[in-house]
Amino acid sequence: MDRGTERDGTATEYAATGRIPLAVVVVDRAGLVSHWSSGARRLFGATKEEAIGHPAVDLLPVSGALPEDDDISPYGPYGAYDDAGHDLETSLDGRLYYPTAGRARLTVPERDRVDVLWWAYPLVGPGPERLLVLGADVGRLQQEAAGEDPGFDRVAPAFALHTDFPGAEELASRLPEILPSMSVDESARIVGQILELGYPVLEFSQNDRVPVTPDWGVPRRVERRARRERAARAAAHGLPAPAEDPDDGEDLEYVAVRERLEFLNEVSGRIGTSLDLAQTIVEVSRAVVPRFTDVAGTYLREQVVAGEGFPDGVPDTTTMWHRVALEHTDEPGRWDDVVPVGEAMPFPAHTPFFQCMTSGEPVLVPRITPEMGHAIASQFEKRDIRPLITGRSMLVVPLKARNVVLGFMILLRHPERVEFNDMDRVTGAELAARAGLVLDNARMYTYQESVAETLQDSMLPQIPRRMAGCDITTRYLPGTLLGRVGGDWFDSVKLPGARTALVVGDVMGHGLNSAAKMGQLRTAVQTMAALDLPPAQLLRNLDDLAQRLGDNHLATCLYVVYDPLAGELRLANAGHIPPVLVRADSGHGELLDLPTGAPIGVGGVPFEEVRVRVEPGDRIVMCTDGLVELRGEDIGVRLAVLCESAAHPAASMDEACDTIIRALNPREGRKDDVALLMARLNGIAPVDVAVHRLELDPAEAGRARALVRDQLRAWGLSRLADTAGLLVTELVTNAVRHSRDRPVELRLVRGETLLCEVDDDSHELPTLLDAGPDDTAGRGLRVVSTLARAWGTSRTGTGKTVWFELTLTPR
């Protein structure tokens, strides 16, 4: 080894220079060699062609111990960190997730046995690389060190943090030059992991460590603590103190601060790439493992995970914290089975975690003692986590935003790794502050998205897939990912006579204001549809209402009434995209020629009604303009595509809707919302309908009961006869009592349910009353409400309709 001499003749140790060629080997995730440097060829004897693509265990020294009878056996087995490491085979098998080092003997053809020092680094990330192995020939070092200071009582591989020596900078700059050709980002990722896990050094004695780099002769900067120890030994022997470099400590501090800033900048660039809360949590956890810590557990408040708000004030022992992420470098399953992600728990007041979340400041525990490990583990029922945490260094950092603690991260380092220190505490606090802001942004977005989805779900009805005589399928697509709420809507309303009203509308504008206006108009349409207004009259009333609500209540609307008994559509349009009618017999789709009309809210423009004959199996497709209007494309071409895609054969209604969406959905993304409603018009066969006219005579109630019994027997529904007869008796009795001139009409319809309707010419709707013990009336509708599957009343142009439904029960 080299030694220097001061000007006064006093010998002082200032550097150690190792002329040891390094072998560099990269092993992929399949355990095969993917890179084999020229140094590896010289050290291990295999050529690059013989090594690449072959199992690494067949080429590298896998034993961590030297033979007992070896002439250098006093060195013993050398492993990582205080001679307590594993053999290289364990690292090659992927069973270790932290760096190891060791010493072994390898028989090389024509060279006898070679004494090898090795360092193995596990690699994580998206690339195929799994392990980086560095190797050196001990014999070369022994030859150079022969006859030197006997203070070098051992030669062992070890690791040192990159802040200990400036040799780390040399490793960072030289190692990419001999790694396999890869992108700058990939090589920087590998080098960054190595520097954080510890760069290779040689230990010659308890206090003498020499950095190993691909470029030899890198001088060693002695840290101040070791320098003070040598000065104390020199004073004890009456020798002059070794010379000190006054800039040495400042350089080390500068390097440490600079690298921590680089680390924080790197972390900041890796987190916050999405507003998705789950993805943000994963990014934050992965950004610190393994560079800064070996284990990172992230906990968030229960309300943050649920996307809800939470009360002000400091968390307490009842606050529930969800473990939302866990990243570690241990073997798979070791942590996941004991502390699974998704678990929720409170934290007692005596724990470091409670101190962190109540004070909002990082908590540093240099080493978790057995006593502390027992105290922490006591809160985990039926699980002993002490083996996972005892002896490790721990740093708990709060995740804050606007002085509110959203959660915290528990960072743990392996016992073999250097403890967290005060600088790490500062780094962790800054890291948590940046992560907290990113998480809060994601939280606020998740919360707003939840509110928007709830509002949109409340605005858009859950339409039954089957109505009387028709099947219905709908789709709603938001215009942008950041605007889940819009003014487009669809609806269906049950009408008397087994008819169904189909509605599609579009309020002009976007966002919450449009959604609120849409809710007002949709409610108005439902209310007026229940009055059984003709389509043109309904739009006229809706236009008047929109003008009363304000000048900015502008909307388009298409209102369609389907009569499955008559096989007819009655349509009226208020400035909306015309519907497509797909004929079952020809399979051809055509735009219905409707008077366009003016949008709702314009005022002063008449609306016209059009009647269209339809056959069973025909389909009507109604949509908003967001589906067919696209900037830069002809609307006529888009409407032609709508007709063609609507007519495309499909196995189901859902697939038919999806076909339309795929055909018209723009590749670059939509700018407007889309509401789509498709109805298959099945019709109702005459054999499934029975209509009877009843005179205004109380005795007709008994006749109606008999007619119902006979009809249900003919339909094979005798089991419903008693219940249906009782309910029809109640409805007919009320109708005969309140009707004026026109006969009462009884209508039975067999479909998905048994529908019974009773029409009379009175506009007064019956109400459900609570009849007392002495009351002689008021129980009829109570009986109907109790026994019927559903029931209701609605006004018609000539009076009213009272109806009920029963679930079909064949005999």
Side-chain angles (χ1 to χ4, degrees), residues 459-476 488-507 518 521-539 541-542 555-584 589-595 597 600 607-625 627 642 646 653-654 656-657 660 674-684 751-752 794:
M459 294 296 185
L460 294 176
Q462 300 298 320
I463 294 181
R465 296 182 67 88
R466 294 199 172 186
M467 302 285 281
C470 64
D471 299 332
I472 303 175
T473 303
T474 60
R475 291 289 186 273
Y476 176 80
D488 295 20
W489 89 92
F490 45 70
D491 210 343
S492 68
V493 184
K494 180 184 293 186
L495 300 178
R499 294 171 300 148
T500 299
L502 305 173
V503 190
V504 171
D506 182 4
V507 174
M518 177 266 285
L521 296 181
R522 172 178 163 255
T523 302
V525 170
Q526 285 185 323
T527 302
M528 289 186 282
L531 300 176
D532 200 17
L533 297 177
Q537 183 61 47
L538 184 143
L539 293 184
N541 292 354
L542 188 64
T556 62
C557 184
L558 177 64
Y559 185 80
V560 180
V561 174
Y562 171 54
D563 187 341
L565 302 179
E568 181 183 67
L569 294 176
R570 299 172 62 189
L571 310 95
N573 188 13
H576 200 82
I577 296 292
V580 175
L581 185 63
V582 180
R583 297 291 184 177
E590 60 175 336
L591 282 174
L592 293 181
D593 186 12
L594 304 179
I600 298 297
F607 300 98
E608 302 180 41
E609 178 182 308
V610 174
R611 295 173 180 259
V612 177
R613 295 288 304 175
V614 292
E615 299 295 332
D618 291 352
R619 286 181 290 143
I620 185 171
V621 178
M622 306 160 62
C623 67
T624 55
D625 58 6
L627 185 63
L642 173 62
M653 293 278 284
D654 285 317
C657 282
I660 296 174
V674 170
L676 173 66
L677 182 149
M678 178 185 292
R680 182 167 55 206
L681 311 177
N682 302 318
I684 297 178
E752 295 296 320
S794 61

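Everything numeric in this text was worked out from a predicted model, so none of it was measured.
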If you round to the nearest 0.5 Å, how far is CD of Glu609 from CG of Leu538?
11.0 Å

How many angstroms lie between atom CG of Leu594 and atom CZ of Phe607, to the nearest 0.5 angstrom?
13.0 Å

Please check: side-chain N/O of His576 versus main-chain N/O of Asp625, any donor-acceptor pairing under 3.5 Å?
no

Quick one: are Val507 and Trp489 in side-chain contact, heavy atoms under 4.5 Å?
yes

Out of curiosity, Met528 CE to Gln537 CD, how far, rounded to the nearest 0.5 Å?
9.5 Å

Taking Ile463's backbone N and O only, do any of them form a donor-acceptor pair with Ser492's side chain (distance below 3.5 Å, no angle check)?
no

Nearest heavy-atom contact between Cys657 and Thr473 is SG-CG2, 3.8 Å

Once you round to the nearest 0.5 Å, how far does CG of Asp506 lie from CG of Asp488?
4.0 Å

For Gln526, what residues pass the side chain to side chain contact (heavy atoms under 4.5 Å, CB included) criterion, not counting sequence neighbours?
Asp491, Val493, Arg522

Value rounded to 0.5 Å, distance of CG in Leu592 from CG in Leu581:
5.0 Å

In short, Arg583 meets Arg613 closest at the heavy-atom pair NH1-O, 3.0 Å

At their closest point, which heavy atom of Pro595 faces which heavy atom of Asn573, and how far apart are they?
O-CB, 3.5 Å

Let me see the working for Leu681 and Leu569 under side chain to side chain contact (heavy atoms under 4.5 Å, CB included), right down to the final yes or no.
CA-CA 10 Å; Leu681 311 177; Leu569 294 176; 4.1 Å; yes

Closest heavy-atom pair, Leu539 versus Ile600, reported as atoms and distance to 0.1 Å, is O-CD1, 3.8 Å

Any heavy-atom pair between the side chains of Arg475 and Asp654 that's under 4.5 Å?
yes

Side-chain heavy atoms of Val504 within contact of Cys623, under 4.5 Å
no

Go through it in stages, so that I can follow the logic: the residues are Val582 and Val580, the test is side chain to side chain contact (heavy atoms under 4.5 Å, CB included), and I'd like the CA-CA distance, side-chain angles, deciding distance and then a yes or no.
CA-CA 6 Å; Val582 180; Val580 175; 4.2 Å; yes

Check for a donor-acceptor pair, side chain of Asp618 on one end and backbone N or O of Ala584 on the other, with a separation under 3.5 Å.
yes

Once you round to the nearest 0.5 Å, how far does CD1 of Ile472 lie from CE of Met678?
12.0 Å

Please tabulate, one pair per line, all N/O donor-acceptor pairs under 3.5 Å involving side-chain atoms of residues 557-564, not counting sequence neighbours.
residue : atom : partner : partner atom : Å
Tyr562  : OH   : Gly683  : N            : 2.9
Asp563  : OD1  : Leu565  : N            : 3.0
Asp563  : OD1  : Ala566  : N            : 3.2

Do Asp532 and Ser794 come within less than 4.5 Å of each other through their side chains, counting heavy atoms only?
no

With a 4.5 Å cut-off on side-chain heavy atoms, are Ile660 and Leu642 touching?
yes

List the atom of Leu502, the atom of Ala679, and the distance in Å for their closest heavy-atom pair.
CD1-CB, 3.8 Å

Side-chain touch Met653/Arg619, heavy atoms, less than 4.5 angstrom
yes

How far apart are the closest heavy atoms of Arg466 and Asp471, and which atoms are they?
CG-OD1, 3.4 Å

Holding to side-chain hydrogen bond (donor to acceptor under 3.5 Å, both in side chains), I want the full list of residues that pass it with Glu615, two or more places apart in sequence or in another chain.
none

